[in-house]
Amino acid sequence: MTESAATKLLNGDACRRTLNRKSPSKNGYVKNHCLFQQSQKCRRSGDKLSFLVPQRQNATHNPSLYKKPFVESFEETPLLVAVLTYMGYGILTVFGYLRDFLRHWNIEKCHVARERDEQKDFVPLYQDFENFYTRNLYMRIRDNWNRPICSVPGAKMDLVERVTHNYNWTFEHTGKVVKDVINMGSYNYLGFAENTGTCADAAIETTQKYGVGVGSTRSEMGNLDIHEEMEELVARFLGVESSMTFGMGFATNSMNIPALTGKGCLILSDELNHASLVLGARLSGSTIRVFKHNNMQSLEKLLRDAIVHGQPRTHRPWKKILIVVEGIYSMEGSIVRLPEVIALKKRYKAYLYLDEAHSIGALGPGGRGVVDYFGLDPKDVDIMMGTFTKSFGAAGGYIGGKKELIDYLRSYSHSALYATSMSPPVAQQIITSMKIIMGEDGTTLGADRLKQLSENTNYFRRRLREMGFIIYGNDDSPVVPLMLYMPAKIGAFGREMLKRNIGTVVVGFPATPIIESRARFCVSAAHTREMLDTALEAISEVGDLLQLKYSRREQALSSLGWMAEESLLQD
Amino acid sequence: MAPAYHLILEGILILWIIRLLFSKTYKLHDTYKLTEREKEDLIEEWQPDLLVPPVSKDHSSLKYDVVSGPPSHKIIVNGKECINFASFNFLGLLDNERVKEKALMSLKKYGVGTCGPRGFYGTFDVHLELESRLAKFMKTEEAIIYSYGFATIASAIPAYSKRGDIIFVDEAACFAIQKGLQASRSFIKYFKHNDMEDLERLLKEQELEDQKNPRKARVTRKFIVVEGMYINTADICPLPELVKPLSSAVL
């Protein structure tokens, strides 16, 4: 639906108008982050953005950079909901203080971890106030996280049943297993989490041949021939000159950014970057500046200020500027505006570090990530980083780029010198799954799965929008955040969905801003249409039960297609 | 009735204030503001360093030795069979048949990857079993496992020690500990390698500091970080001597 409407209107300014454009008479202002419409509020005052903006008042993005429509929406929180959420947190805080008081005076049994008697006069490990949120709010709904499973984390999984007799302070396993829970929480985008099939067979063979462990670092005795084969394959997959792999995705970021930048360099990182990127940037010792999430004006302003004014106080020129962005942001479901970032990077001579943890394998017609999705040249991105945990069903991370970069990392990366290399069966899983995605194993399994994933994503998102939920993010991203807002609904949603045999992930503070708690669904190519329908029915039921259908957007009449937007344009 | 000169003086003062209020403010920044043209020139002129400095062609780490076949006590490096004195294989379990068999059984049941962090359906029953066994083995209450060895201590240190806390570390601590210390942003005090007197001297100094400022001492946590066996110097830390003064010192 979206595609046909857009292709008809491809030329001219009226293209890329999203489906959710409201007429101004309705209340409830919908922020559209589409690249054409920029509201007056978001425009930066004063600074003349001479590059991206033709000399006009309205800051418009350059539409010719995008080959297909970039449709993102982040509907604003309704006012009543925000007020009720704050009230909810207020009530919880009052009760928290009450419970603390009762625990302090031993009226209530205290389950919180305490120091041993001989350590009573030590400074306490956790100050009472730091722990307030964990003790009083998180503990109440703790059963929604860390749910143990005892099968493959595929489209359906088996959960270990656990009960708590003291309100989530301790759990016990009953010994029973909840079978066939639909898995909407694991990062299984292409369905490679399986224990049968080509991947599993190859991994079994490799385990028998090489064993499980390696016992040494890459620079010493840990570089097996299977690692070399895998790196060459990854480089071919991404379209770069060479690549290097590491044993853990998080550690890839936190150990390699310090090797690339140091004192006197500037890192411009997105507001919502992952903890591994933030840790790597901090450990490197460079200056860090944060730009607003996916906001190109903010990034351009920072770049200009940085180059013009130089380092703070000394005004010496910066040695390097590194822009750190992610492909898909897992909490928002938004996709980075890569064409614009590359245009900015070329203009201001900065380097680009792209973290494709979620987007590799999941976006793009060939599954090659966000670069493939926008149809850009992989040589434009200086450092392409990604993980194998999500779409490839393995573990570990990689960095791809020019040969000089990878040679430098081989000698100076912390991981290559101090950390054990990847285990052989994991490496084999990556090799097999990557060959399947590229189609080199001779079957069309990879192409089928990619198509299935994008179909599932579009279907799931469209149905949820139609039901009236507030869904964040880009229309093509397989990560679907559904807004819950109120603290009690976080726990209720997770539990109600589990009652209906669907495993979901709910996220609250501190991973998200305090009133924007959400449930996050990860669509997978392994989900069949029936599974998605079952899940959608259950979500709709729970949504009615908990009154989650907050959206106040009018749905475009699907029968009219692009005619509907034409008429709205005339407003 | 005030004398005339008072009134005249006050009138002059009021007029002066009015003049100051309405006169144009003279900002020093104006002289430093750059014009658009100058900004464009600066942007044109700026040249960044190369992303990575060039590595000489015969750097030792550039060409890794390729191991073909399973790494165990005998290892095939670059086509040649050697006795392996390089891998960490203390108990010889790298090519143990029982380990491989169990690994294959788990592969057939769970697949290769966990597809998620521990919090979101990435906790398997085998993880929990391993943690309870480790706790029993180490005779502690509970245990937690990490998937990457380097990350374990590098994440554990900043989890407990925050800005403002004090950590006493041995000089020969391994790289992972150093990264953990850097991430924690605490005060680091190094004592000489395996030298318990040096550590005691530092602790006594800290005690004096605490007595000078008891309010700050009540919120500053102090930690000692040592390794069981040091990878950098190959010796063992004197644990009995370390534990003894702890019970007497007020830490």
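Chain naming here is simple, since letters A, B, ... match the order of the sequence lines and numbering starts at 1 in each.
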Is there side-chain contact between W46(B) and I321(A), with at least one heavy-atom pair below 4.5 Å?
yes
F124(B) and P153(A), any side-chain heavy atoms less than 4.5 Å apart:
yes
Between F150(B) and Y418(A), what is the ring plane arrangement, given parallel below 30°, perpendicular above 60°, and tilted in between?
tilted
Under 4.5 Å from a heavy atom of chain A, the part of L51(B) involved:
both
Give the intermediate values and the outcome of side chain to side chain contact (heavy atoms under 4.5 Å, CB included) for residues R520(A) and F120(B).
CA-CA 10 Å; R520(A) 188 184 70 177; F120(B) 307 149; 3.7 Å; yes
Here the pair of heavy atoms bringing A103(B) nearest to V212(A) is CB-CG2, 3.6 Å
From CA spacing to verdict: salt bridge (Lys or Arg N to Asp or Glu O under 4.0 Å), E40(B), R347(A):
CA-CA 11 Å; E40(B) 291 296 324; R347(A) 165 83 171 91; 2.9 Å; yes
When the 4.5 angstrom heavy-atom criterion is applied to D65(B) and chain A, the contacting part is both
Are the side chain of W145(A) and the backbone N or O of Y121(B) linked by a donor-acceptor pair below 3.5 Å?
no
Counting only non-hydrogen atoms closer than 4.5 Å, does V66(B) touch chain A with its backbone (N, CA, C, O), its side chain (CB onward), both, or neither?
both
Pick from D382(A), I204(A), L279(A), I406(A): which one has the most heavy-atom pairs with chain B under 4.5 Å?
I204(A)
Is it the backbone or the side chain of A395(A) that comes under 4.5 Å from a heavy atom of chain B, or both, or neither?
neither
Heavy-atom count check: over 12 atoms from other residues, nucleotides or ligands less than 6.0 Å from K402(A) NZ?
no
Identify which part of I75(B) has an atom lying under 4.5 Å from any heavy atom of chain A, answering side chain, backbone, both or neither.
side chain
Keeping K108(B) on the side-chain end and T196(A) on the backbone end, is there a donor-acceptor pair under 3.5 Å?
no
Which residue out of P148(A), A259(A), A251(A), A394(A) racks up the most heavy-atom pairs below 4.5 Å with chain B?
P148(A)
What distance separates C115(B) SG from Y189(A) OH, expressed to the nearest 0.5 Å?
10.0 Å
Using non-hydrogen atoms and a 4.5 Å limit, figure out which bit of K162(B) sits close to chain A: side chain, backbone, both or neither.
neither
Inter-residue atom distance Q208(A).CD - K100(B).NZ, 0.5 Å rounding
8.0 Å
Using a 6.0 Å cut-off, check whether atom CG of L208(B) has over 12 heavy atoms from anything other than its own residue.
yes
How far does NE2 of H414(A) sit from NZ of K179(B), to the nearest 0.5 angstrom?
4.5 Å
Is the CD atom of E81(B) crowded by more than 12 outside heavy atoms at less than 6.0 Å?
yes
Do M248(A) and S147(B) have side chains that get closer than 4.5 Å, going by heavy atoms?
yes
Stepwise side chain to side chain contact (heavy atoms under 4.5 Å, CB included) test for Y110(B) and S151(A)
CA-CA 5 Å; Y110(B) 297 110; S151(A) 75; 5.6 Å; no
Evaluate whether atom CZ of F171(A) has more than 12 neighbouring non-hydrogen atoms of other residues, nucleotides or ligands under 6.0 angstrom away.
yes
Using a cut-off of under 4.5 Å for heavy-atom pairs, which of P54(B), A176(B), G69(B), G122(B) has the most such pairs with chain A?
G69(B)
Is the number of heavy atoms from other residues, nucleotides or ligands under 6.0 Å of L134(B) CG greater than 12?
yes
What do you reckon, is CD of Q211(B) surrounded by more than 12 foreign heavy atoms closer than 6.0 Å?
yes
Residue T220(B) versus chain A: region with a heavy atom under 4.5 Å
backbone
I'd like to know which of S216(A), A193(A), P317(A), G503(A) tops the heavy-atom pair count under 4.5 Å against chain B.
G503(A)
Let me know if R118(B) has heavy atoms under 4.5 Å from chain A in its side chain, its backbone, both or neither.
both
Nearest-0.5 Å distance that lies between atom CG in N146(A) and atom OG1 in T123(B)
4.5 Å
Is any side-chain heavy atom of R282(A) closer than 4.5 Å to one of R185(B)?
yes
Using a 4.5 Å cut-off on heavy atoms from C-beta on, say whether the side chain of L107(B) contacts that of N195(A).
no
Pairwise distance NE2(H127(B)) to CD1(I149(A)) - rounded to 0.5 angstrom:
9.5 Å
Select one option (side chain, backbone, both, neither) describing which atoms of V219(B) are under 4.5 Å from chain A's heavy atoms.
both
Between atom OH of Y64(B) and atom CZ of R410(A), what is the distance when rounded to the nearest 0.5 Å?
6.0 Å
Using heavy-atom distances under 4.5 Å, tell me whether A183(B) contacts chain A through its side chain, its backbone, both, or neither.
both
Given the options S87(B), G149(B), G116(B), S161(B), which has more heavy-atom pairs under 4.5 Å with chain A than any of the others?
S87(B)
Should we count CD of E228(A) as having more than 12 external heavy atoms under 6.0 Å?
yes
Under 3.5 Å: donor-acceptor pair, side chain of Q429(A), backbone of V112(B):
no
Heavy-atom pairs under 4.5 Å with chain A: which of D165(B), I76(B), D125(B), L42(B) has the most?
D125(B)
Need one label for A217(B): side chain, backbone, both or neither, based on atoms under 4.5 Å from any heavy atom in chain A.
backbone
Look at I307(A), T217(A), L260(A), I383(A) and state which one has the largest set of heavy-atom pairs under 4.5 Å with chain B.
I307(A)
Would you check, one step at a time, whether the test side chain to side chain contact (heavy atoms under 4.5 Å, CB included) holds for L128(B) with H173(A)?
CA-CA 11 Å; L128(B) 298 173; H173(A) 294 172; 3.6 Å; yes
Would you call E194(A) and K109(B) a salt bridge, using N to O less than 4.0 angstrom?
no
Hey, which of S186(A), G185(A), C150(A) has the most heavy atom pairs under 4.5 Å with chain B?
C150(A)
Which heavy atom in I43(B) sits nearest to a heavy atom in K349(A), and how many Å separate them?
O-NZ, 3.5 Å
Is a donor from one side chain sitting under 3.5 angstrom from an acceptor on the other, for Y148(B) and S415(A)?
yes
Interface moiety of E101(B) toward chain A, non-hydrogen atoms closer than 4.5 Å
neither
Ignoring hydrogens and geometry, is there a side-chain-to-backbone donor-acceptor pair from K320(A) to D49(B) under 3.5 Å?
no
With the side chain counted from C-beta on, respond yes when D225(A) and V67(B) share a heavy-atom pair under 4.5 Å apart, and no when they do not.
no
Of K209(A), Q428(A), H309(A), the largest count of non-hydrogen pairs under 4.5 angstrom with chain B goes to K209(A)
Most contacts with chain A, counted as non-hydrogen pairs under 4.5 angstrom, among A154(B), P158(B), P117(B):
P117(B)
